[in-house]
Every structure is written in structure tokens, then in C-alpha cells.
Amino acid sequence: MTVTTPTAGPGAAASHHPTPVLRVEALDVVIHPAHGRPLHVLHDVHLHIDAGECLGVVGESGSGKSVLSRTILGVPGRGTRVARTGRVRLHDEDILDMDARRRAGLPGAEIAMVHQDPMTSLNPVVRIADQVTEALTARRRLRRRERYRTAAELLAAVDVPDPEGRARAYPHELSGGLRQRVGIAAALAGEPALLLADEPTTALDVTVQRTVLDLLDRHRAERGLATLLITHDIGLLFGRARRIAVMYAGHIVETGRTEDVTDRPAHPYTAALLRSVPRVTGPLRRTLPTIPGAPPDLTRPRTGCPFAPRCDRASEQCTRATPPVHHAGAGHTASCFHPLSHPDADPQGASAAPNPAPRKATS
Amino acid sequence: MTAVLQASDLSVVHRTRSGPLYAVSDVSLTLHRSRTLALVGESGSGKSSIAKAILHLPAPTRGTVTVDGVDLAGLTPRALRAFRPRVQMVFQDPLSSLNPRRRVRDIVAEALDAHPGTARTVDREARVRELLDAVGLSPDTFADRLPAQLSGGQAQRVAIARALAAEPHVLIADEAVSALDVSAQATVLNLLRRLTETLGLAGLFISHDLGVVRAVSDDVAVLYLGRVCEQGPTEDLLAAPAHPYTAALLAAVPEPGRALGDGHLLAVDPPSPLNPPSGCRFRTRCPYASAVCAEREPAMRVVAERRAVACHHPLPPFAAPATDDPTGHRPDHSIQHED
Amino acid sequence: SDDAVANKQPAPAGAAVDGGTLRVGLDRAFGRLDPADSALTSQPMLLLANSLFDPLMVNDKDGQVRPYLAKSFTPNADASSWTLELRDGVKFGNGRPLDAQAVIDHVQRLAKPESKCPCAADAATIAGMTASSPTSVRIDLKKPDAALPNLFTRALGYIASAPTDSSAPVGSGPFTVEQSQPGVSVTVARNPGYWGDKPHVDKVVYRVLPDADSRYQSVRSGDVDLIWAETPTHLRQSNTDGLRTATALGATTTTLFNTKVAPFDDPRVRRAMQYTIDRATLAKVVTLDQGKPAEGPLVSTAPYRSATPYPAPDPAKARQLLAEVGTPVRFDYLIPTQPEAQQRATVLQQMLGDVGIHMTIKPLDIPTYLSNLYQRQFQVADFTTSALGDPSTGLSTFFGTGSPTNFPGFADPALDTALATGRGALDPARRGAAYADAGRVLVQQAPALFLTENRVGFIAAAAVGGLPDLSGRSVVNVSPAALWVAR
Amino acid sequence: MTTADPTTRVAPASRTRYRIGPRGIRLASPGAVLAASWLAVVVLAAIVVPMLPGCDPLRADFTHPSAPPGPGHWFGTDDTGRDVLVRTAAGARASFGVAALTVSVGLVVGGALGIASGWFGGWADRVIGFATDLLMSVPALILVMIVVTLRGPSLPVIGGLIGLFTVPSFTRVTRAGALSLKERGFVQAARMIGTAPGRILRREILPNIAPAALSFAFTATTAAIVAEGALSFLGFGLRPPAPSWGGIIAQGRITLGSAPWISLIPAGVLCLTVLALNHLGESLRSGSPKESPR
Amino acid sequence: MTRHIVLRLLRAAAVVVLVTTAAAALPHLMRGSPALATLGPNATPEQIAAFDAEIGLDDNALAAAWHWIADALHGDLGNSLANGVPVTTELGDRVPVTLELFAASQLVALAIALPVALWSAWRPGGWFDRLATALAFVWLAIPAFVLGLLLIYVAAVQWRILPATGWTPFTDDPADNLRHLVLPALTMGLTEAAVFTRTLRAQLMDTLDQTYIDAARGRGLGATRLLLRRALRPSALPLVTLIGIGFGMALGGSVLVETLFAVPGMGGLAATAINGRDFPVIQAIVVVTAVGVVAATLAVDLLYRRIDPRIAHDHR
Ligand SMILES: Nc1ncnc2c1ncn2[C@@H]1O[C@H](COP(=O)(O)OP(=O)(O)OP(=O)(O)O)[C@@H](O)[C@H]1O
Ligand SMILES: Nc1ncnc2c1ncn2[C@@H]1O[C@H](COP(=O)(O)OP(=O)(O)OP(=O)(O)O)[C@@H](O)[C@H]1O
Ligand SMILES: [Mg+2]
Ligand SMILES: [Mg+2]
């Protein structure tokens, strides 16, 4: 299976820089936990992010979003063995088989991460200044005064009021919103080229969430940061991510420009996901459409489309063969035998498989 | 509409080392048969505290709760225990709300086993199957499972079945879907909606997610720092919020295809409940706050049919009469904040 | 079996070496360095006491009591009045003269209850003391006592000059205290003004090492030069470990009956037990052949001792006696918590069990054990003493009618007569005959069973010289002044 | 007697730590099987051996004192000629007797206090907290020694006292359990249903506290065995005719050089038993699946 | 904060008073007559009465405790029955020895536990972790009295490199003091090392699973700095508690080790005093230990706030 990349996708090349900041190709990840059977967590993942671009990755719990970001960052979970194949290129250099010393130099400097829960992602016994400047002090010694000054500057850059005072504070003395800003400041400290934001606002209230995301947007634009924004809330990506990748059970099942994917989802899973989100606007639906069944068990090997058992369009071949790439529009692809078609779909994508007769009626 | 549960002037004060924390102040709610009231608010606004106060686990610091006309405070401990099944609750974390050591069958049957000799215990096995069916779980597959063998959505459904086994008149759901994925969330929301309608339950649905609230509730009460700031039928309220806080909440909801609203707040974080602002508690974050807001606490005021708001400067079209603002100052609702 | 335990005797080759420090491991904590404190003048501690104080009289090689600090100690005809002649010019460490008045002061101080000295009872037998000259004291007794010098071998004899304040009394010994930490250690240094022979070593360090095994390991590893030892295993093992021993049969193990309570008020029961116990096995198993079976109340090295026919083990006879009594015999056997006592009790238990006597071992910590013994709250008790090396005091203290330490509550006119005769007789032959009579009564009536005579004494590193041959003695009493260390 | 104690922690991280799976301890690991078998052997020996004819632990063979291990006396004999194997088995009785009493006292008293303190909070918590503070500030070993000298050594005195001093640890373990369980949804749900407190205790609290308490009971058992051993070693333990392991080891140590088996064999058995108990306790704690498969 | 400390102090004082009362009641517990046991069978009634008065047997325990406390506040803990020395002098001699031994043993324990626990927790399930865990387990199963015996036997008797018993004060001869310190400190320290290792490892494993550790790794922090600067401090609380309580208890001395090695510390004193029914000394030891534990607990409490600022925050 090949997912469209700037070079592979006809007609897409023009819209991208020649070398994206991050390019993930055919990434497969198998986790061997200390106890229990290995889990095949990522399957043949392809994606790329250009400088200054935000790619949104959306998927349900357990779909492998965090494993993806950890793999890119190079910090696997402790106590597990991880087997990877494929390529992860940072500025055209493969970081998976990079020499270990250089690889270890990347986190914090080239790649940075913002974690989900600001409550737990800051060390409770270390002052803010020391944590914010970690990406710098990990590489060279900084004097105390210099640390505090740098920290205050970094905090000021993420709109933390009274940055000097906050630099001296401990995490528990800060509110949730401020803590997440501290997390962002710490990520930006090493001036990375790539920012991985793994559900950065899930633990925050909606009002706070908005300001934090705005802040990320601002820095992305100002610094030309390539951003991978991970979320389970597809609505959040609207207006923030230029492109979306939808993950299901370790597969990227659909990818494309945000409006294309949300307005004209080609993969049945994307469509179902969009339908089951309760909304504050639009027609009132008293009964929400649901997706029957449960996500697959990653410890069991399987063939075909991972969504097939829950899919109302699935045919028999879906469980047997790897679904083909359906081109639904410019840079909009879905891996599906029976993609949904939309009247205004990009004709260039029509080369993919035609819509078969649905097996069941759509609910 | 029959009032099943009436909570009047509930106040909950937690004793902390730093002094009393007013988690809930003078909140009154009425729950009706076959209707669901949603309680919306930020984290720490006192939603869970209200739920616990209603359940008398423990009793509220002040205020009364009457269920079917019976004041819970007037019951002896024993009578209270016997009365308890009438109000049931479903918790946020589905897995931790099930005893990891008991099988689904026994968890669901707890209400039957706890009160032996009552009419409920007629046929335990049949009742368990019936309940599991009602929440959409196949009894044959699930009755013998342990909680660890359930997914989040399934566990939450078991918790609902356990609550239903008590044959409650009131069902409270405290963030019952916020830990679930969208697909599981939709299933549980549908289930809750169906159950309140078919069984004629009075529902109290606690959530911070307005989208979810809209899907299940008939009415909404918006909570801010332990006080209700706005109340009304869900659709009306979401369509035209009267309180600036409600507007800000609504504006912040991200949705595909919807440009983010322009509602904004002055300060990002809510103030500490230990030391709430004088007057209107929202004034520190309110873009329309005026001098009066610091002086007087706004009273709950009916502004339209079944709509009430506690604000000195409600948003149009509910703008307050001029007499309410002695300074004569009109806040400029048209100010746009550049964020 | 005596040959097997012959004292490994002297000494590192060559003559005595002067100078250096001798390190000694004591087996118990010392309290006040005052002869009134019974701990200081107990047998294992005499080595310490001898460094600070000189006894007036001493138990000599052959068991006889001879003058040491005293020049002579002579009785009148009926031994009711004694004259003590002192050496001239002896001074206490504080410079005061050790004269007749000092002796009188000392005895009077120990006689007072405040001194808490167990010797107060001994002192009470003295009717009056007069200093007839600066070096001569006349002691008048309430009753004639041919064995009076015995009383001056320990507390009463360790003449000390007590200051008026509460600080420790001062003696006239070869050493003076340099540094002391009660319960831990005491260092003594040569007394420059000592009247006698100059001690070989400059200093002696006494360390309290109560745990017998630690103590033994310490001498074995060279941490100390000399230890007090009474554990048979250690005594036996010291031979193979390249250490030397100086021991005497200084302790007799006995079994005391409370003759006031049934069934032990019946001599037949006591005798049955006497016939049951195989002392040879006890000596072999418990003392590991380091001791020997007791042949009567007096230690084999004791003066005036004549062999008493102690009955050989005869279980048949024992059963017969028990059958006569009729009722089954069951009792609690009180023992102190020393490993040897426990071992002894277990062996006894098994032997007695074989003839149908049921014995329950009841171990008590020493203070409780003593308190029970003193209050006669026991049926049968294990008892080890060093006092049976001396016939006059030993026998009358433990078996004389009315003696406060007559734990068996034994009262026998024949014994009392024999003891009184012995005590009053200055003639050795008459004395010997009287004690032989006493011995016969004790074996016959069996208020106590005499089990084994155990070896006690010192284990020393190879470098220690000057250890005397103690094998003939009934009391282990060594002066540190005689010892040297070849280092 | 510093039992490895479950110290107050700040982070609620250990909420799901102590639990056993649906089928109790997973005895699958070979180590646990080995440990359990060893314990079974020791317990069986403790019960059976002293009852066998010719196996009186007090019976001495005066002709063979300090005989090295070999046929007839597999583990050799001690310095009075008593069989070391038989004595070790008999010593297990005393040691286990003390341990059983200790753990019963600790588990029952400490468990009850801990649950009461965690469940009721407030005054009950403060009073119980004070009482445990009090107990913990007393030098346990010294106090046991004192009481033993004053009241005499006996199984109730020694076991009861050591048990008393394990009460605070048990209280802490169960209090923490009760405290966190109190807030758990299923306990709240049971109260909401109107379940009687006794039933909640039985059905919801105890089964969930038990693993932690039992796991700690293993630690307490080993602590009791070692503490009793130390007491015996110092001469304050159980005394003949019922010597415990500590007593036997202490008694044999004077012959450590010449007849090492007399104390080394019981010492080895003691160490192995403690090892086995620790191992089982640990399996109980960690060998169980986590509550939520995340 | 201050309120909290005042309350803690009051509670501590109450603990000490209760322990003192209990200690004063000790002579009442004894079977038989303490006076007879000490004074011997020849003791006169007056002697016995005087003795009883000295150990407080003539009074009820409460009054005795009260007198004891009143005297103690004036620096008078009575005199030892065994040797008439003031108990304060005796304690003054013994406490430094015991504290030195304690400090040395803690150094031994920490020197082993810190590196082992850090390495174990960093690679859980690795060969080192498994080896260390297994060793700690076996080690934990060796009681101090067995270990001490073996050490004496091997180091002092067989190799003769270290003294088996005894003590030289540091002020007399530092080198000799160290030689005497080694075996007892090893015995205590090695036994504790296993406990320390396990406690610290468990807590470190918890800490290392926290997101903030991942976050720090993600900012490029190397393993050493991560462990020492980021993980150790939040994991230190249980260890601090262990050492703190140990310190308090140490005032009572390690009876076992001090007896075994004839170290003239508080533990040795306790054993002698208990054996000799030296009630004033026993009472002083019990009370001093209680004060030590209570003070150590307070100190640990304060230290907690330094280590983990959240605690100070909660109580403010
Ligand atoms: N260290 C690990 N050991 C075992 N399984 C793991 C580990 N890390 C991840 N997994 C498994 O891999 C799968 C993907 O996990 P991942 O954390 O990437 O999901 P996610 O999409 O981030 O979910 P969420 O939205 O809940 O964060 C899950 O099934 C998870 O259980
Ligand atoms: N047991 C308690 N002791 C002290 N304070 C408490 C306690 N329970 C709740 N609070 C405080 O009371 C306030 C209201 O808490 P509550 O749990 O009711 O909020 P909530 O709206 O349910 O929040 P969330 O959305 O986070 O669940 C908060 O500030 C909280 O910190
Ligand atoms: Mg994730
Ligand atoms: Mg809540």
C-alpha cells in the first residue's frame, strides 16, 4: 500500500516543499511488553509534515497515536522492547538507523513534545525554570542566573504573566492552563524544527483549550515549526491543521486537507466518526449514529482492512486483502475497497475502485 | 411535569487545611419525570459536589433534598438506606466504579442482594438478564465477565444496569461519557436518553461538554464556581445564551465546519474557590464587568419563558432593565477582543 | 578424667617481660568499684578487684586460707577472738595509711545496710573490733569461729578507704584506676606507691564482654589477652585454638529441693532422684569432660574434705523408693537462663523421665530466678555455686538451720551439730571429722543433689605469661600483678 | 524490627498496586511453586516430625554428642546428642507459633483499626493515628525484652507483643486501602443502593484490602520469625523445652567452629523460609494482573 | 503551617508523656520482688523500702511518672542502680557511640542501595535488576544475628583482619575506632541495604513511569542526570522515612549488634540494664528513644516539605 506523498501523488507535488521536515515511510511498530504477547501497534504508516505546517492526527483511544509520536521522538516506553521497520526522516535523514549518539541529541533540540496532561508532565519537585530550560541544560551547563533569565524569556514568549516569578515557582503553584504553557515553553526552548503535540488540551477546560491551541498556532506560524497535532477530537483540528490523518488500529485510513476530510470523508470509518460526534450546532439529533463493535485486538494478527468487522460497507474481500488507496481528491486518499463517493469529489481520484453495492444499509 | 426531586438552596462546604471551601452555594434544582437536566461547568465548578449532596453521600452542608416529596434529611439512617435506591448515579470512570473482584452478574444484582425480601428480588437471574439486555449487553457473553474484561463503554453500561436494578426514580450521570471514545460515547448517550424516556426517569446529566449536553438533556443549568449562572431549555439556551460565561463556553467549542466564535474571557483560569471574587464571581473573567459587578452579587432573574440568568449585564436580547444598574453604565457588547 | 583437662601451663619461653598493656575480657558488668558491691568480689571479677584492692586473706594453692595483705591472723584458744596483724607502711592510693583503724572503718562501713553488701551478715557475727596498735586489730566474735579468716578473703577483706563524698573508695592494690566507664571498661595503671612486688604490666584494660561467645572470639582473634571462661566448649576448644587455660574446679552444680513442700519433704523422693541421676554422663555431656562428677557436698580440692560415699546411679533402687512413696512425682525445675543450665536440665529431665519422674523445665532470667529462690517459691531448682570450696561457710550458709541462704529450708540437728563443731574447732583433724559427718548427713538426707564440679577460670592468648597453676585450688583468685604479656 | 514498611506516599500512584487476579495468586512462576513447596515441607515437618516415634526433639543420644551429619542423624546432632533435624522441625513449631500469633494480632487489630480509621476518618482517624504514633515511638525490641524479663517468656507474651508492634504497619496498609476504596465508584455505588455497612465491608472493602494486607502479612511473618530469633539469640526468647529457631541457632553458635551444623542448618532453614515467605508475598503483590488493561 | 507544627508538637509531647508513664509503670509489672532480687536474701525491710522508693514502686505509676518528668526537666534522670552513676552521665557516654554506629551503618546501606536501586529501576527486568532483586531477597532473609556471627567468624577469627568485639572512642584513636566500627556497621548496614534497595527501587519504578520523566527524556536529558536530578528526589520520601525512624530508634541502640560486638552503646546498655533490672536506666532508655523517634518524625515531616514542595503547599 502506498499513501500519497508529494512525489507519488500526481498533481500534489506542486503544493509541497521539496523536502518536508518530517517524512514517515512505511513505519511498522511492534511492541513487546515485559509481560504478555507482542502488539502490532503501527502498520505501514506514511505521513509528512512541511515546515510551518500542522498535520492533525485523529483517532480513538488505542489507535497508536502516542506510539507514533514516541517513535518519532525516540523515547520508547520503559520496560518494553520495540521493533520498528520503515523510515522516519527528519530533514531527509533517517533517524531510525542514525548513530545512537546523534539520535540521542535530537529530542529537545530538533524534535520536541508537548504532553497531554500538564498536571503529570511536569516534575512536581523541580522548579519551573529548571524544567523549562531542560532542553538547553541537557547539552551545556547554564549558570543559575542564566537559567532563570532564559526561563523567564521563554515563559514570556508563551504569554505567562509574571514570568520571573513563575520561573521560581513549582508546578503545583500554577493553574492547569499555565502549566500547559510551561510545557509548550519547555518544548520550544531547544528551538526544534518539529513539534509533537500529543493531545495537548485534553485535560483542559474548553475555554482554556482554545487559548493554548491559539498559542501553538502562533508559534508554528512565527517559527515555521512543523507540528504534529494529535487528538481524539476531530473538531479541534478544524481551522488549525492544514491536513488530517485519520488513524484506526495503527493504520492511517484516510488523509487529506482538513476541509476535504471533514466535508467529504472517503473512508467509512471517518464518516462514522464524524457522525457520532454530538454537536452544539446543526440539526438536533436525539439519537446519535453509532459504530457497532469494538476496535480490534492488536495482539492478534489480522489481514485486510482493520475496520472491516465494524464497517457497514464491508464486503468479503475487505477481510482478506489489503485495501487499495483511493484517491478522493488532491492529496486526499483513503485506504478502502468501498470508499464513500461525493458528487464533488476530485475527478483525479476516481481511478480508485468504484463503489460497490453496500452490504448493509447505512444507518 | 411532575417534580420527582427537588433540591433547594444546596450549599456544600469542604473543610480544607486552608479554610472552608465553598464548593456549592445556594443551588436549587428540580428534576422532572422523563426529563433530563444537564449541569454544565468548568472543572471545579462544583458539579460533582452537587451530585453527592443530592445523594446525601454525605448530606449537604445546608439545604434540603426531597425525593418524591420525602425530605432526605428527615430520615433515620436505616430509612435513608431503604430509600436510597430511588436515586442512582453513574460515575465518570467506568472501570474504577466496578468492583474488580466481582462478576458482572453480581455487580448488577447488588441492588437485589442488598435488600433481601423486597419485591425486587423475585427472580435474580431473570432480572439480571433483563437488565443486561436493557443496556445492550448480551447476558450470555457478559454476565460472567470480570470488570477487567470489559471495554470502557461496556463497563459504563454495566454501571448503568446496576443503577437500573435499584429501580430508581432519579438517575444522575456524573461525566458518565467523558472518559469514553466518541463511538462508545454515542452508544451510552443513546442508552441514557432512551432509558429516561422509556422508564420515565428523572435525569441529572453532569458534563462539561456542551455537544454532549445538547444530545441528551432537555434543560441546562450552567454552573460557575458553585453557583448557577444561567438556566433554561437546552436548545434555547445554546441558541441564545444570556450569560457571558455561557457564551464564552459555547464559543470555545471546536467543531468541524464551524468557525470558532468570538466569545472570549479576560483571564484564562477561574479564580480559586477558596477565595472567590466579591459580587459576581465571574467578573474577573467577564469582558463586560462593571463596577456594580464587584459590589453586588447578581440575583437569578427570569428573563424569558423558563429562562433565568444571574447577571447584571445579560447579553442581548436579554439585556437587563436599566434600573438594575445604578451607575447607568451600559456595557458595550460589541467590543471584539483580539486574541 | 582430670588428666584430660590438665592446665596448659606456662608460659611463653623466657623470663617475665615488663611493661605493656594487658587486655582482659570480663564476663559481667561491674558496678561501683567498691568491695561492698557483690559483683566486684564475685569469683570471675576477683581479677579486677585484685588490681585495686589487696585481700587480707587469700585462698592458696592447696585450698588453705593464708594471709596476703595481713601479716598474720591468729585466734585465741576457742576461736572466739582473733588478732589481725597488718603490714607496716602500707598506704592507700590516696596516701592515707592502711592501718588498724582503716580496717575497722572498712568492716563497719560494709556492715551498714546502706552499703548493700551481702557480707553484712558476715560482719554481723563480729561483736566488736579494737585497734590494739596501729597495725593490730582484735576482733571479738559473738560465737567462736575457726573459719573467720575465710570471711576476709572477699568483700570484708578487700580493705578500702572510703571518702566522705560519693566517689569510689580507694584501695591499696598494685594498680589504680586511670579511666573507668561503668559497664563498659576500666583501665588501671601501675600504683607507684605499691607496697608489694612491682606489677609486670604498665596497664590493665578490663573490658566488659558479657556474651560468652563474643568473649571467646575476642581472645581468639587477639582483641583481648585474657578472658574469664566457664563454657565447656570454649575450654575444650581453646586447646586446639592455640590458647592456654588456667582453671580450677571452682563451681559446683547442684539441684536444690525445697524440703518444705511436698513431695520433697519426703527424703525418699529426694533419694530416689539421687539414685536416678548419672553424674558421670552429666559430666561427660554437659561439661564435655572438662569437669568431673561431684562426690559429695565439698569440692574435691576443698580443705578438710574427706571422701563421702556418694551413691552410684541405681535406677532400680530409685523406682523402688518411688513405689514406696506411691504418688507420682511431677515438678517444675527452676533454672537460670544460662545455656549450660538448660542443657543440664534437659539431660536431667531425660534421666528422671526414664524412672517415671516428670519434670518441667522452667527457665527464669537471673533476677527473677534469684528472687524466687530467696522467697522459697520453687519446688526444685538448679543452683551453681563456688562457695562449696570452703566447708565452713559453704555448708552452713546453704544448709545450716535458719541461714537466710538455706534455700532448701533444710533443718537437721545432726548437721547443725557437726557444722558447729567444725566451726569451733581449731584442730584440723577434729574439723575434718566434723565436716565428714556433715557430708554424710547431706548425702543421706539429700536436701540437695551434688552433680558436677565444673572447671572455671581463664583462657589466655599464648603471649600471656605468669598465669599460675590453679588446678589444685578451690577458688580462682589471680592477681593481675603476676601476669605479663610478651609482645 | 524495621519491617519494610509501606510508607506514606504523596502521589496516589499506587492505587492499583496491590491486587490479586480473579484466580488468586498466580502460582505459575516456578519460583513461587518452589517457595510454596518449601513452606509446605517445613510446616509439615513442624507438625509431623515431633510426633513420630523416636523423634522426640528433647531426647538426647548421650553417646553421640556433636555428631556430624550422616546416616542416623541426617543433620547431625547437637552438643547433647539431640538430633538437629528433629530439633529444627520442632523449632519451626515455636517460630511459626510466634509468627502465627503475631500476624493474627497484627491482622485483626491492625486491620480493624486501619479500616475504621480510613473509613470513618475524623476523630476515629485521629485517635487511632495517635495510638499508632505512640506504639511506633516505643523501642519495640527493648520493650519486648523488658516485658519478657518481667513477665517471663511465653508464646502469648512474645507473639502478642511482637504482634502489637506490627499493628501500626497493618493499620497503615489497611487505612490507605480503606481511604482510597471509600472514594471508589463501586463503594459509593453500594452506599447509593442502600447496602448495609456490614455488607459493604464484607463485599466491597475486605476483598479489595485483603491482598495488600495479606501480602504485608507475609512480610510481618518473616519479621516475626526474625524478631523472635533475635530475642532468643539475646536470651529473651522462648526457652527450653520449646526452643525456636533463634534459640537453637544461638545455642549452637558457641560450637560454630567445631560443629557448625548445629547452628548453620537451622540458620539455613530459617533463611530459606524467610526467603520463601518473602517471595510468596511478593508474588501476591505483583504477580496479579493490573485492574485495567490499558 | 505554624498551626500544623504546633499541633504536631503537642501530639509529640503527649506521646512522650504517655511513654514516660508506661515506663514508670514497669517496676509494677515485675513478678516477685525487685528489691529482693537486687539486694539479696539478707536484705532488711528498711533496705527494701528504700529500694522500692528509689525505683518508684512506693507510688502509683502516674505519680512516679510525674516525678520522673519533673526531675528530668531539671536534667536529673536518677542514678543507675547497678553502679550509682547518674543516668545522664551514662547516656552521655553511650549515645555518641550508638550514633556513630548508626551513621556508619546508614552510609554503608546507602552506598549500596543508591547505585543498585538506580540501576535496577532504570532497566527493570534486565539482568542487573533481576540479579539485584534476587540478591536483595536472599539478603533480606539473613537475619542480623546470623550475618553478624558469620562476619565475626570470617573477618575476625579466620582472617584476623578486624577486631571481633570492643570499641575505641574516636577521640582516643581514630584509626582504631574505625577498625572497631567496620564489622558492626557492616552487619547493620548490610541488613538495611536490602530494605533500602527494595524500597527505593519500588518508588523509583513508580517515579520513572511518570509522564514528567518521559517529558524530561524528550527534552534530551541523559540517563544519569535524569536519575540523579529528576527521579531521585521525588522517590526519596520512603527512604527518608526509613532513615528518620531508624535514627529515632537508633537512640535506643541496636541491642543485637551491640551485644554481639560488645559495642558500648545504648543497645548494650539496654541489654545490661534489663538483665540487671536497672529500672532508672531502662526508663531513661525507653523515654529517650521515644523522644528520639518523635523528634525524628518531626524532622522527617519538615524534610518532606523541602523534598516535595507540594506537601508544604497542602498544609499551608
Ligand atoms: N509500553 C507499552 N506496553 C504495552 N502496550 C503498549 C505500550 N504502549 C502502547 N501500548 C499499546 O499500544 C496501543 C496504542 O497505544 P497508544 O498509546 O499509541 O494509543 P493512543 O492512540 O495514544 O490512545 P489514547 O488516546 O488513549 O492516548 C494500545 O493498545 C496500547 O495499549
Ligand atoms: N473532599 C473534598 N475536600 C476538599 N475540597 C473538595 C473536596 N471535593 C471537592 N472539593 C473542591 O470543591 C470544588 C468543587 O469540586 P467538584 O468535584 O464538585 O467539581 P466538579 O465540577 O465536579 O469538577 P470536575 O469537572 O473536575 O469533576 C473544587 O474546588 C474541589 O477542589
Ligand atoms: Mg495517547
Ligand atoms: Mg466532578
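Residue numbers start from 1 in every chain, and the chains themselves are labelled A, B, ... in the order their sequence lines are given, proteins ahead of strands. Remember, predicted model here, so these are calculated numbers, not experimental data. Below, each value reflects all heavy atoms present in this structure, side chains not excepted, and no hydrogens, waters or symmetry copies.
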Using non-hydrogen atoms and a 4.5 Å limit, figure out which bit of D/Arg199 sits close to chain B: side chain, backbone, both or neither.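 Side chain of D/Arg199 only, per the 4.5 Å heavy-atom cut-off to chain B.
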Heavy-atom pairs under 4.5 Å with chain D, option from B/His56, B/Lys52, B/Arg81 with the top count: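 Top count of heavy-atom pairs under 4.5 Å with chain D: B/Arg81.
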Taking only Lys NZ, Arg NE, NH1 and NH2, and the carboxylate oxygens of Asp or Glu, determine whether D/Arg184 and B/Asp93 approach each other closer than 4.0 Å.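 No.
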What part of B/Val87 gets closer than 4.5 Å to chain D, counting heavy atoms only: side chain, backbone, both or neither?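 Just the backbone, heavy atoms under 4.5 Å.
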Can you say whether B/Arg102 sits under 4.5 Å from chain D via the side chain, the backbone, both, or neither, judging by heavy atoms?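 The side chain, not the backbone.
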Quick check: do D/Val269 and D/Trp38 have side-chain heavy atoms less than 4.5 Å from each other?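 The answer is yes, as the side chains (C-beta and beyond) meet within the 4.5 Å cut-off.
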Closer than 3.5 angstrom, by distance alone: can the side chain of B/Lys47 be matched with the main-chain N or O of B/Asp174 as a donor-acceptor pair?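 Checked: no pair found.
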Run through B/Glu125, B/Glu130, B/Arg129 and flag the one making a side-chain contact (heavy atoms from CB on, under 4.5 Å) with B/Pro139.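 Considering B/Glu125, B/Glu130, B/Arg129, a side-chain contact (heavy atoms from CB on, under 4.5 Å) with B/Pro139 is found only for B/Arg129.
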